[in-house]
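Note that ligands are numbered from 1 as they come in the structure, with each ligand's atoms numbered from 1 the same way. Residue numbers start at 1 and run along the sequence shown. Quantities reported herein were computed from a predicted structural model and do not represent experimental measurements.
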Amino acid sequence: MSEEVRVRFAPSPTGYLHIGGARTAILNWLYARQNNGKLILRIEDTDTERSTTEMIQGILDGLEWLGIECDEGPYYQTDFIKEHIVAAEALLASGAAYKCFCTKEELEAKREIAKANKEDFRYDRTCRKLSPVEVAERESQGHPYVVRLKVPEGEGAVVFDDAVYGTITKRYQDIEDFVIVRANGQPLYLLSNVVDDARDRISHVIRGQDGLGNTPKQILLYEALGKKLPIFAHMSLTLDPKKAKISKRTHGELVAIHFYRDHGFLPWALVNFLVLLGWSNPESREVFSYEELLEAFSFAGMNRANSVFNVNKNDPKFITDPKAINMNAHYIKTMALTELEPYVRAELEKAGLWRDEYAGAKHQWFLQTVDLIRVRYHLLTDFAVFGKPYFSDEIQYEIEPKARKRNLDKFPDLSLWLPQLADRLEQLEDFSEAAIEDLMRVFAEELEVKPGAIINGVRTVITGQLAGPGLFEIVTTIGRERVTARLRNTPNLY
Ligand code: GLU
């Protein structure tokens, strides 16, 4: 029987969950689910100055909203600091690590010399050569020290197979004896991360490509600790159009998961979009259900080249990557109405447009209306913004400037005609789309104007909008009473 798949998402809570982190979480989650494995959540909060409880909560909320369920955790790295120290002590005891008493000033001076000689600075292992007696002496004199790992000397290299980047070779001579415990006794991240992964029996480390540089050092740590190596799978990064890494500092809220939640995204649409960043499937398919993703996803399709996320912070209308918006629109348009319903309800509630009858006596009407208007929408927020004429009794709407110009300004007589049309609609026995259409065409003929003048005028007055579903369907959906009231309001429009 093969070993259990155990993967982890290990965010440092120094910022909110952003789309890069979410993508890493999603890929770990998919891999776990594909392999009947476990997803462990570990909050790497050892940077106590920069980690905040607010960010931790943000990460938990973000994962929950995306629908990513973790099987274990959250574990907090700070709860295991003692273990990290014990591991460092074991490395010292076994001779795999040593105490280094070099002062900052001494190291700085050596760094300067290397710089002057145009060489890369690497710690020269001065303290690795100290005898046990010398070490004891310095310690007894109270000299502070860091703990460094002994990297093998001479020829040879760390060689490993990354599931995405293939065989990676890093020569020992290019790795310095790196610090694993600071002078203040604090274990370093490289060590803590390995100790935690080993304890949690992580079988696959799936993380951003920015972790690739650490991997050779971490492999040396696994070996020195006598722990089994996980499989490493590094994921290409997500960059902005200027090729900068996606980050809170550069992009602010525009890359935060909560921004998408608050701006009308469906969680699965975002998951689907994020999986496609940096992953190619043979058929170049774009839309995947959860089951289809489980079937299709593999590291083999992960691109090594970084992907671009088209965040555009200069255009408030264009809130994010158009591909993400189109993916969202696709799901709004095609998902089962009953699945969409709670999301629309939540938007209407937020906007004060929800009525309990939409879940009761008018439930059927509500579903039909959602079905009618969703075809053109991109964001859930559109249901409250552009859907307002359908869900609100308001008589007068703010009129889109283009609609006013094209449909009202050219026909000032509409202010007389539309109230007359309202009278006729009131009299209409059969308030059906076909009958309404007939009525409007006859009315236009009598006035000797094109039917379009009346039809577009009605659309503009009852919705404020230039475009939308077919007018006769709009009229039956909004209903006789509200339509006639709005048509009679026309004198106030000009
Ligand atoms: N805490 C690290 C980060 O947020 C995770 C590194 C890893 O996954 O090993 O970048």
Side-chain angles (χ1 to χ4, degrees), residues 5-32 37-52 55-60 62-63 68 70 72-81 84 87 158 160 162-165 168 178 180 186-222 225 227-239 245-250 255-257 274 278 299 302 306:
V5 166
R6 291 174 61 83
V7 295
R8 85 303 194 263
F9 177 48
S12 305
T14 52
Y16 44 59
L17 184 64
H18 63 57
I19 56 140
R23 180 168 160 259
T24 304
I26 291 165
L27 298 176
N28 272 284
W29 171 70
L30 273 182
Y31 195 73
K38 295 273 186 317
L39 172 62
I40 290 115
L41 175 61
R42 182 171 69 235
I43 307 286
E44 300 207 315
D45 56 346
T46 42
D47 183 348
T48 45
E49 271 173 29
R50 293 172 58 222
S51 302
T52 66
M55 293 305 171
I56 293 173
Q57 195 53 48
I59 289 168
L60 300 178
L63 292 176
I68 297 177
C70 299
E72 285 180 31
Y75 300 132
Y76 293 88
Q77 192 156 56
T78 42
D79 289 341
F80 297 97
I81 289 180
H84 309 152
V158 178
F160 67 99
D162 185 87
V164 174
Y165 288 86
I168 307 270
F178 54 98
I180 54 175
Q186 225 180 44
L188 261 100
Y189 166 72
L190 275 179
L191 173 68
S192 304
N193 186 258
V194 166
V195 172
D196 289 348
D197 279 345
R199 182 198 54 250
D200 294 337
R201 292 178 290 117
I202 298 304
S203 61
H204 295 70
V205 169
I206 304 169
R207 63 183 172 195
Q209 184 261 9
D210 46 351
L212 197 54
N214 283 334
T215 310
K217 291 179 184 170
Q218 294 197 310
I219 288 176
L220 291 174
L221 277 170
Y222 276 98
L225 289 165
K227 302 291 183 189
K228 189 166 182 281
L229 276 181
I231 289 168
F232 289 94
H234 287 87
M235 305 290 134
S236 60
L237 302 180
T238 307
L239 307 177
K245 241 174 89 176
I246 294 292
S247 77
K248 174 179 149 196
R249 207 165 352 108
T250 320
V255 294
I257 292 303
L274 290 176
F299 293 141
M302 292 303 300
N306 294 328

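Scored by the side chain to side chain donor-acceptor pair (under 3.5 Å) test, Asp196 finds Gln77, His84, Arg199 as partners (sequence neighbours excluded). Scanning for side chain to side chain donor-acceptor pair (under 3.5 Å) contacts around Thr78 gives Asp45, with sequence neighbours left out. For the side chain to side chain donor-acceptor pair (under 3.5 Å) test, residues two or more places apart in sequence or in another chain that qualify with Arg6 are Glu72.
Checked by atom type and distance alone, the side chain of Gln218 pairs as donor or acceptor with a backbone atom of Leu190 at under 3.5 Å. Side chain of Asp162 to backbone of Val164: a donor-acceptor contact under 3.5 angstrom is found.
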List, for ligand 1, each N/O atom that has a protein N/O partner under 3.5 Å away, with both atom names and the distance.
from	atom 1	to	atom 2	distance (Å)
ligand 1	1 (N)	Ala10	O	2.7
ligand 1	1 (N)	Ser12	OG	2.8
ligand 1	1 (N)	Glu44	OE1	2.6
ligand 1	4 (O)	Ser12	N	3.2
ligand 1	4 (O)	Ser12	OG	3.2
ligand 1	8 (O)	Arg8	NH1	2.8
ligand 1	8 (O)	Arg8	NH2	3.4
ligand 1	9 (O)	Arg8	NH2	2.7
ligand 1	9 (O)	Tyr189	OH	3.4
ligand 1	9 (O)	Asn193	ND2	3.3
ligand 1	9 (O)	Arg207	NH1	2.8

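Ser51 and Thr48 share no side-chain donor-acceptor pair at under 3.5 Å.
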